[in-house]
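Please read the structure below before turning to the comments.
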Amino acid sequence: MKKLVPAESASALIDQRIKELADWRGKTLAKVREIVHQADPEIVEEWKWMGTPVFSHGGIVCTGETYKSAVKMTFAKGAALKDPSGLFNSSLDGNARRAIDIHEGDKVDEAALKDLIRAAVALNLMVKSTPKPRRAGSKRAG
């Protein structure tokens, strides 16, 4: 069984990750985190997969991964989102995910990113509220 990290602990772990990355990546992750919370104050921070910051509302919205040459925001349902500003620049071939790689010196279009985050939340909430169709032949308990 998976061990869940409480939200308060997840936020503290993300704080710690930002401090550990005492370079442009820490500053970029902190900025991304700030934008995510500005876009949706109800976002919940999680810590999954042995050290990945995850931002959720009605399901995973995006992650905030850090690599040597990029901070990557992976949107779990990115392929289903409209991206009129062309922010997605990575993981473009998959059926579900899309990502934004932010490199040192890149300027983030905050307004477009907030729109993308809000669209991801809206999609999560819409999918969550849509009842799943029953499979043919399944029986109800009762």
Side-chain angles (χ1 to χ4, degrees), residues 1-140:
M1 179 180 229
K2 283 190 213 176
K3 185 179 176 189
L4 296 176
V5 176
E8 304 81 34
S9 298
S11 293
L13 289 167
I14 295 170
D15 289 341
Q16 183 178 338
R17 169 70 49 84
I18 289 168
K19 283 180 189 168
E20 287 170 0
L21 295 165
D23 60 9
W24 68 271
R25 296 172 303 161
K27 290 176 184 161
T28 301
L29 181 58
K31 184 63 178 173
V32 162
R33 181 190 203 186
E34 179 184 323
I35 293 168
V36 167
H37 285 287
Q38 287 173 354
D40 181 8
E42 294 182 36
I43 286 282
V44 174
E45 295 184 336
E46 299 176 282
W47 188 258
K48 294 185 176 194
W49 309 300
M50 299 184 310
T52 302
V54 177
F55 304 99
S56 299
H57 184 165
I60 294 173
V61 174
C62 64
T63 63
E65 306 148 70
T66 51
Y67 298 97
K68 196 179 261 188
S69 65
V71 172
K72 180 184 285 283
M73 294 182 73
T74 302
F75 285 73
K77 296 177 184 151
L81 299 175
K82 289 186 170 90
D83 180 22
S85 298
L87 294 178
F88 290 133
N89 61 9
S90 182
S91 305
L92 301 175
D93 296 331
N95 292 331
R97 293 185 302 273
R98 293 286 182 273
I100 302 167
D101 283 356
I102 305 167
H103 300 94
E104 187 172 10
D106 285 355
K107 177 85 173 106
V108 176
D109 182 341
E110 292 186 32
L113 184 53
K114 286 177 187 177
D115 287 344
L116 204 55
I117 292 162
R118 289 181 189 118
V121 170
L123 179 61
N124 280 353
L125 296 178
M126 182 187 73
V127 169
K128 197 170 190 168
S129 69
T130 305
K132 292 185 179 176
R134 293 190 180 275
R135 288 190 310 204
S138 66
K139 295 180 181 178
R140 283 200 244 195

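Just so you know, these numbers use all the heavy atoms, side chains as well, and skip hydrogens, waters and symmetry mates.
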**Message:** What I'd like to find out is whether the side chain of Ile100 reaches to under 4.5 Å of the side chain of Val32, using heavy atoms alone.
**Reply:** no
**Item:** CG on Leu113 to CG on Asp83, rounded to 0.5 Å
**Value:** 10.0 Å
**Item:** Residue pair Glu104, Thr28: steps toward the side-chain contact (heavy atoms from CB on, under 4.5 Å) verdict
**Value:** CA-CA 8 Å; Glu104 187 172 10; Thr28 301; over 6 Å; no
**Fill in**
Distance col, row Ile102:CD1 vs Thr66:OG1, nearest 0.5 angstrom, shows 11.5 Å
**Item:** Met126 CE to Lys77 NZ distance, which is reported to the nearest 0.5 Å
**Value:** 8.5 Å
**Asn89 side chain to Asp101 backbone, donor-acceptor under 3.5 Å** = yes
**Asked** Just wondering, do Lys19 and Gln16 contact through their side chains at under 4.5 Å, heavy atoms?
**Response** no
**Item:** Leu123 versus Ala80, closest heavy-atom pair with distance
**Value:** CD2-CB, 3.7 Å
**Item:** Distance (rounded to the nearest 0.5 Å) between Lys114 NZ and His37 NE2
**Value:** 13.0 Å
**Inter- and intrachain pairs under ring pair (Phe, Tyr, Trp, His ring centres under 6.0 Å), touching residues 59-85, at least two apart** = Phe75-Phe88
**Asked** Given side chains that start at C-beta, do those of Glu45 and Leu13 come closer than 4.5 Å, heavy atoms only?
**Response** no
**Prompt:** Taking C-beta and beyond as the side chain, do Lys27 and Lys31 meet within less than 4.5 Å on heavy atoms?
**Reply:** no
Please set out all donor-acceptor pairs under 3.5 angstrom arising from side-chain atoms of residues 50-64, sequence neighbours excluded.
residue: Ser56; atom: OG; partner: Glu46; partner atom: OE1; Å: 2.3
residue: His57; atom: ND1; partner: Asp40; partner atom: OD2; Å: 2.5
residue: Thr63; atom: OG1; partner: Glu65; partner atom: OE2; Å: 2.6
residue: Thr63; atom: OG1; partner: Thr74; partner atom: N; Å: 3.4

**Message:** Check this for me: does any side-chain nitrogen of one of Arg33 and Asp15 sit under 4.0 Å from a carboxylate oxygen of the other?
**Reply:** yes
**Asked** Under the 3.5 angstrom rule, does the side chain of Arg97 hit a backbone N or O of Asp93 as a donor-acceptor pair?
**Response** no
**Exam field: side chain Arg118 to backbone Ala39, donor-acceptor pair closer than 3.5 Å** = yes
**Request:** Would you mind reporting whether Arg98 and Leu81 have side-chain heavy atoms less than 4.5 Å apart?
**Result:** no
